[in-house]
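The block underneath contains the structure these notes are about, expressed in structure tokens.
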Amino acid sequence: MLDQRLLRENPEVMSEQLRRRGLEVDLRYLQAIALRERELEERRSALQAEGNRIGREVGQRLRSGGRPDDPEVLALKEEGNRVKRSVAELEEEEKELERRLRERLLEFPNVPSAQTPAGTSEADNVVVKLWGEPRRPSAGEALKEHWQILEDLKLIETERSVRIAQSRFVTLLGQAARLERALIAFMLDLHGQRGYREVLPPILVNSASLTGSGQLPKFAEESFKCADDDLWLTPTAEVPLTSLHRDEVLDASQLPLRYVAHTPCFRREAGSYGRDTRGLIRLHQFNKVELYWFCHPEASDAAHERLTRDAENVLESLELPYRRMELCTGDLGFSAARTYDLEVWLAGAGAYREISSCSTCGDFQARRSNIRCKDMDKGKSKGTRLVHTLNGSGLAVGRTMAALLEAGQQADGTVRLPSALVPYFGAEVLGRPSP
RNA sequence: GGAGAGGUGGCCGAGUGGUCGAAGGCGCAGCACUGGAAAUGCUGUAUAGGGGCAACUCUAUCGAGGGUUCGAAUCCCUCCCUCUCCGCCA
């Protein structure tokens, strides 16, 4: 959510920031609402002060022997009633304006960071770095895509999964199931060694949690909702992790708080009919290991680099070539101020595909979720500020498996895995008789 | 699902209509004492929004919303949540 004070005092600045994102909005009407709301609040609280004064005086008179039917006391009571009615009137309009204002503000995306490069689409994203040597087919070699490898090894059920659920669900079998599990454990351990606290959160989340991280109200059609409860299947662990500290004031000296969570993620993928219909790339249900930081507002730039490095570390440990892209203003996600996408090389597909998205949200989610931190100075509070939140995949597990399979495929149909996985998977090669 | 109890500050816990933002304790911070520490003593310790250079001051907040009243943490109604016991269950 964007700052109401900025809206009141500097709507042009806010408009300009949103314009960088490709959003053309006239904020004058909204500003008028915000100013009117503030004005009502001032008048209302002055009236309430008057009412409190009257109440105190009645109390004083009665306690010092005044009689309840004393004409002066009766007059004061009448005056108190009058004030009460006025307050109620102002309050009604004030609340209505407040509600409308919040409703509108929740619809606005975050504004881009000053560092985010300008652009209108994916095409304007910037390659920041390249790592590793992408595998290309040698002469006469045809590299398979991961789904082909899995099918040839009989490690995936595609049609039968439609029977169980519907399309865009898969069932992994045998060594593929084992590899998925190995990857999750590997990633959690790796991040744990780098100081992340492991979390196993609820994966059904309520509406307030989805609103706090930015999925609601705008993207309701992207998530699965339980019919009889105010609960949704989480589309990313970012949602429960944000709400882990919703409505809290964190001790600034304890920051940053760094969490890593593995969860299944559920997405309806509305509007992506026909895209990535085979394999593990785009599913309604997938596993993801998520990194999440709550950090001091001054520390978030450095934190963003650190978090992105932590995600890259997984790719490097798995010897998977990748590139780091910096998203342009037009390609940013709703809650992000600045984002690095990590794209892994898929040797069979012959393309880089997104495998991690590392974003800093500034105070956007913190404002929605009411998460602040308090700086102390010799035991005295120096006031609270909204924290900054950051998140990044570390990594999307299914896509990681796809990349590994395509990168390590061998002429005999088996797959050589990176040595880092051996302790987790139990073998160097996938596709041979059971490890 | 059935029965009961309860939601007060960072935590514990008192308060049952009138300066109550809320006693007391714990915790935390500062100061004093100490060679240093412990113990002890004193002091200070919520958040949000307004006004003021500031000291300070006004308003709101005792789970949420509504009601009674000049005045509500306190009385009434509705809702939410938590806990205990029973049943069911991985």
Side-chain angles (χ1 to χ4, degrees), chain A residues 1-10 31 33-102 105 200 202-212 226 228-231 240 243-255 257 264 294 297 363 366-387:
Chain A
M1 196 158 59
L2 302 179
D3 188 5
Q4 288 196 27
R5 181 173 295 162
L6 184 63
L7 172 65
R8 283 198 305 269
E9 296 170 3
N10 249 322
Q31 183 202 24
I33 292 181
L35 289 171
R36 169 80 179 148
E37 193 258 348
R38 174 50 39 87
E39 181 200 332
L40 287 171
E41 185 183 327
E42 279 169 29
R43 280 167 52 194
R44 192 211 67 218
S45 67
L47 265 176
Q48 280 174 324
E50 173 68 6
N52 289 343
R53 195 191 57 74
I54 292 168
R56 262 196 307 271
E57 190 167 339
V58 172
Q60 250 157 30
R61 284 178 185 239
L62 293 183
R63 253 175 301 136
S64 59
R67 297 225 315 275
D69 56 356
D70 182 308
E72 285 186 36
V73 169
L74 289 175
L76 278 171
K77 287 186 178 188
E78 186 41 50
E79 180 66 6
N81 267 321
R82 204 186 53 75
V83 167
K84 187 165 57 171
R85 280 192 296 273
S86 309
V87 166
E89 239 170 78
L90 291 176
E91 211 169 39
E92 195 179 341
E93 189 187 349
E94 186 189 335
K95 278 186 173 169
E96 171 61 15
L97 292 177
E98 209 178 312
R99 195 189 58 74
R100 268 158 65 191
L101 190 59
R102 181 175 167 83
L105 282 174
L200 188 65
I203 56 179
L204 293 189
V205 296
N206 58 33
S207 298
S209 296
L210 281 161
T211 305
C226 299
D228 295 332
D229 302 278
D230 177 31
L231 289 170
S243 280
L244 189 60
H245 292 300
R246 179 148 47 87
D247 294 320
E248 285 187 33
V249 179
L250 305 171
D251 178 352
S253 69
Q254 301 297 306
L255 297 177
L257 300 176
F294 297 87
D363 62 16
R367 185 173 293 108
R368 288 174 159 252
S369 298
N370 187 29
I371 306 170
R372 289 161 292 150
C373 65
K374 192 197 301 202
D375 281 298
M376 299 298 281
D377 182 39
K378 300 198 176 166
K380 290 221 197 306
S381 170
K382 295 203 298 185
T384 64
R385 301 165 69 183
L386 294 166
V387 299

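Letters A, B, ... are given to chains in the order of the sequence lines, protein chains preceding strands, and every chain is numbered from 1. Model, not experiment: these values are computed from the prediction.
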- Tell me, do Pro264(A) and Ile203(A) make a side-chain contact under 4.5 Å, heavy atoms counted? yes
- Note on the structure: Using Watson-Crick geometry (N1-N3 plus N6-O4 or O6-N4) or G-U wobble (N1-O2, O6-N3), each under 3.5 Å, G24(B) is paired with C12(B)
- Note on the structure: Answer for the Watson-Crick or wobble partner of U84(B), both distances under 3.5 Å, is A3(B)
- Taking the same atom, P, in A5(B) and in U78(B), what whole-Å distance lies between them? 16 Å
- What's the NE2-P distance between His245(A) and G10(B), to the nearest Å? 16 Å
- Task: Any chance you could list the contact pattern along nucleotides 47-56 of chain B? Use B for base contacts, S for sugar-phosphate-only contacts and - for none, protein heavy atoms under 4.0 Å, 5' to 3'.
- Result: SSSS------
- Message: Using Watson-Crick or G-U wobble geometry with both distances under 3.5 Å, which nucleotide pairs with C53(B)?
- Response: none
- Query: What distance, rounded to whole Å, do you find between the two C1' atoms, one in C33(B) and one in U40(B)?
  - Reply: 8 Å
- Message: Counting only Watson-Crick pairs (N1-N3 plus N6-O4 or O6-N4) and G-U wobbles (N1-O2, O6-N3), all under 3.5 Å, who is the partner of G17(B)?
- Response: none
- Are Glu42(A) and Arg38(A) close enough for a salt bridge, meaning some N to O gap below 4.0 Å? no
- Which part of the nucleic acid, if any, lies within reach of Asn52(A) when heavy atoms closer than 4.0 Å are counted: base, sugar-phosphate only, or nothing? sugar-phosphate
- Task: Would you mind reading off the distance between Glu248(A) atom CD and G9(B) atom P, rounded to a whole angstrom?
- Result: 14 Å
- Query: Any Lys/Arg nitrogen of Arg53(A) or Glu57(A) sitting under 4.0 Å from an Asp/Glu carboxylate oxygen of the other?
  - Reply: yes
- Task: Taking atom C1' in both U74(B) and U16(B), compute the distance separating them and give it to the nearest angstrom.
- Result: 4 Å
- Query: How far does the P atom of A22(B) sit from the matching atom of C80(B), given to the nearest Å?
  - Reply: 33 Å
- Identify the nucleotide, in any strand shown, that forms a Watson-Crick or G-U wobble pair with U59(B), with both distances under 3.5 Å; if there is none, say none. A48(B)
- Query: Under 3.5 Å, is there a donor-acceptor pair linking the side chains of Asp247(A) and Asn370(A)?
  - Reply: yes
- Flag the pair Arg99(A) and Glu96(A) as a salt bridge only when some basic side-chain nitrogen lies within less than 4.0 angstrom of an acidic carboxylate oxygen. yes
- Task: Please state the P separation for the pair G51(B) and A72(B) - nearest whole angstrom.
- Result: 26 Å
- Residue pair Leu255(A) / Leu250(A), side-chain heavy-atom distance below 4.5 Å: yes
- Message: So that I can tick it off, tell me whether Glu41(A) and Arg44(A) are bridged by a salt bridge, with the cut-off set at under 4.0 angstrom between side-chain N and carboxylate O.
- Response: no
- Message: Between Ser243(A) and Val205(A), does the side chain to side chain contact (heavy atoms under 4.5 Å, CB included) criterion hold? Intermediate values first, please.
- Response: CA-CA 9 Å; Ser243(A) 280; Val205(A) 296; over 6 Å; no
- Residue matched to A73(B) through Watson-Crick or wobble contacts both under 3.5 angstrom: none
- Query: What does G36(B) pair with, Watson-Crick or G-U, if both distances are under 3.5 Å?
  - Reply: none
- Arg367(A) (side chain) donor-acceptor with Met1(A) (main chain) under 3.5 angstrom: yes
- Distance in angstrom units between Asn206(A) CG and C80(B) C1', rounded: 12 Å
- For every nucleotide of nucleotides 65-79 of chain B, 5' to 3': is a protein heavy atom under 4.0 Å from its base (B), only from its sugar-phosphate (S), or from neither (-)? -S--BBS--------
- A29(B) -> Watson-Crick or G-U wobble partner, both distances under 3.5 Å, gives U43(B)
- Run the salt-bridge test on Glu93(A) and Arg36(A) with the 4.0 Å N-O cut-off and return the result as yes or no. yes
- Message: Taking only the C1' atom of each, what is the distance from A64(B) to A73(B) in whole angstrom?
- Response: 15 Å
